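Each remark here refers to the structure printed beneath this line.
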Amino acid sequence: MIDLLLTKNDLSFWFRHRMAALRRLRKCPSTGIVISHLHTSSRASAKQHYKMLVLGGGSGGITMSARMKRMMGAENVAVVEPSEMHYYQPIWTLVGAGAKSVASSGRPTASIGSNYSIQTVEKTWKALQNFKEGNAVFSFPNTPVKCAGAPQKIMYLSDAFLRKTGKRAKANVIYNTSLPVLFGIKKYADSLWEVVKRRDLQVNLRHNLIEVRADKQEAVFENLDKPGETKVFEYEMLHVTPPMGPHSVVKGSPLADEAGWLDVNKDTLQHNKYPNVFGIGDCTNLPTAKTAAAVAAQSAILNRTISKILKNEKPDKKYDGYTSCPLVTSYNTVILAEFDYNGQPLETFPINQAKERRSMYHMKADVMPHLYWHGLLRGLWGGPGPYRKLFHLGMK
Ligand code: UQ1
């Protein structure tokens, strides 16, 4: 989940310390940026100094390297990323529900048990197809997670699938969440409660998964309001959203805040202590939901921040916390949640986005993957802010 660490003039202290671990450096054929893979021989480095070092080739890291290449030339940028493959994770909700193939979600990094992991996302679809009768249980852990809507999206899709295949009458669909609310933004939570009631989905708030007894097909949840009190749910199918946290490389380092996240300024994305370090995406302590849409909006601001700092000027544009969560409620409907740091809806389109819509499903399933691979990762998409202003005649 590390997305980005950058240095202005020289290699960071970070990179120097990490050189011993670098085994291979190679150039990406399409961008010319050097990509180094950790944990692979000691044939190190084409070059020991880069003006800009990007640590992590997630959505934020790749997006910023594309932007930095434009700003300072490919020969001045290096990316450190251990994985050979990059995945478009927002589509895994639809892979888990059989609406998209897993192959469509991955590409080699160098060219550019659950829905939350590539090893298990196809298991969800198998479990759904094999479902006969009983409880289908979906969990949300007691930690921050990537895209906080995803744990319930797969529940809505599973419900839709069970209805489509005539198995719903024999199923209880249960969503056990650690949170005290169904969704953090009231406008969208109100709509989701309507969906849940209409489709007879059971929601248990403040329920945290603490044990899975796979041999007995039992999941044990703790009531967070009454610590120590547990409840066992038998399951025919269990979709687990794993607990998540800061990366160990950042956590405990001088770069982290107390909770272990990269400690950056919430307006400019510059590190709060080290002015030549910047952050974007999941690794940061920005108080907003961790999504690709957030990365998009952050990348435009961070690009501006870095270009100003390189000219010895003050950063002038502020990140408003924009993030978005396309809440997939069936195989053809989406509620498009968009909001800012204050939890205020910040909707792109001049329509009520809290309503379930087909148009938004097509945007999520068919438009977004293109925007991601060809817009965001090439540093050409900085979020929908300009379109929002246009659609609302400059009023938002
Ligand atoms: C977005 O910018 C983005 O990043 C590419 C997503 O991630 C895949 C999204 O899901 C959404 C909704 C946006 C916002 C874009 C529009 C057009 C509302």
Side-chain angles (χ1 to χ4, degrees), residues 1 3 57-64 66-67 86-96 99-100 104-107 112 115-116 121 145-154 156-157 183-185 187-188 191 280-282 286 288-303 319-329 333-340 344-392 396:
M1 281 215 284
D3 279 293
S59 308
I62 295 180
T63 299
M64 286 314 294
R67 286 179 178 264
H86 178 86
Y87 292 98
Y88 174 56
Q89 297 177 21
I91 213 70
W92 285 355
T93 288
L94 299 181
V95 175
K100 290 273 176 181
S104 73
S105 74
R107 297 190 182 185
I112 45 167
N115 289 0
Y116 273 92
V121 59
V145 297
K146 270 171 184 287
C147 188
Q152 61 184 290
K153 296 177 198 175
I154 188 61
Y156 299 123
L157 286 162
F183 192 75
I185 312 302
K187 173 172 179 176
Y188 306 113
S191 300
I280 184 171
D282 294 353
L286 295 167
T288 192
K290 297 182 185 303
T291 67
V295 165
Q298 289 165 16
S299 71
I301 301 294
L302 185 50
N303 195 68
Y319 175 47
D320 56 10
Y322 172 85
T323 189
S324 170
C325 182
L327 291 151
V328 184
T329 52
T333 51
V334 156
I335 288 172
L336 183 64
E338 292 181 284
F339 49 96
D340 64 11
Q344 291 306 310
L346 205 53
E347 298 184 343
T348 301
F349 303 101
I351 49 176
N352 178 9
Q353 291 180 199
K355 214 170 145 281
E356 294 178 273
R357 292 180 188 273
R358 272 169 187 269
S359 53
M360 295 300 154
Y361 180 87
H362 289 300
M363 202 195 62
K364 155 86 187 169
D366 307 320
V367 178
M368 277 306 143
H370 296 283
L371 195 62
Y372 182 81
W373 293 109
H374 307 295
L376 181 67
L377 294 194
R378 291 187 180 171
L380 302 171
W381 173 250
Y387 301 93
R388 181 176 67 241
K389 288 206 176 77
L390 194 73
F391 290 143
H392 294 87
K396 271 195 182 175

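Fair warning: this is a prediction, and the values are worked out from it, not measured in the lab. All ligand and atom numbering here is 1-based and tracks the order in the structure.
- Residue contact annotation: Thr291 has no non-hydrogen atom under 4.0 Å from ligand 1.
- In Val295, neither the side chain nor the backbone holds a heavy atom less than 4.0 Å from any atom of ligand 1.
- Distances from atom 18 (C) of ligand 1 to the heavy atoms of Gln89, Glu347, Glu338 put Glu338 nearest.
- The protein non-hydrogen atom at the shortest distance from atom 8 (C) of ligand 1 is Tyr88 OH, 3.2 Å.
- The side chain to side chain donor-acceptor pair (under 3.5 Å) test applied to His362 returns Asp366, not counting sequence neighbours.
- In this structure, Tyr322 has no ring pair (Phe, Tyr, Trp, His ring centres under 6.0 Å) partners at least two apart in sequence or on a different chain.
- The option from Pro384, Ser324, Ala292 that lies nearest to atom 12 (C) of ligand 1, judged by heavy atoms, is Ser324.
- Close approach of ligand 1 to Thr348 (heavy-atom distance below 4.0 Å) involves ligand atoms 18 (C).
- Given atom 16 (C) of ligand 1, the protein heavy atom at minimum distance is Met368 CE, 3.7 Å.
- When side chains are defined from C-beta on, Val295 counts as touching Ile280, because their heavy atoms get closer than 4.5 Å.
- Among protein heavy atoms, atom 14 (C) of ligand 1 sits closest to Tyr322 OH, 3.4 Å.
- The side-chain heavy atoms of Asn352 and Lys187, taken from C-beta on, include a pair separated by under 4.5 Å.
- The protein non-hydrogen atom at the shortest distance from atom 10 (O) of ligand 1 is Pro326 CG, 3.4 Å.
- Polar contact check, Trp381 against ligand 1: a nitrogen or oxygen pair lies under 3.5 Å apart.
- In this structure, Leu377 and Ala66 approach most closely via the heavy-atom pair O-CB, 3.5 Å.
- Looking at Tyr372 and Ser59, their side chains do bring a donor and an acceptor atom within 3.5 Å of each other.
- Proximity of Phe391 to Glu347: side-chain heavy atoms (C-beta onward) are nowhere separated by under 4.5 Å.
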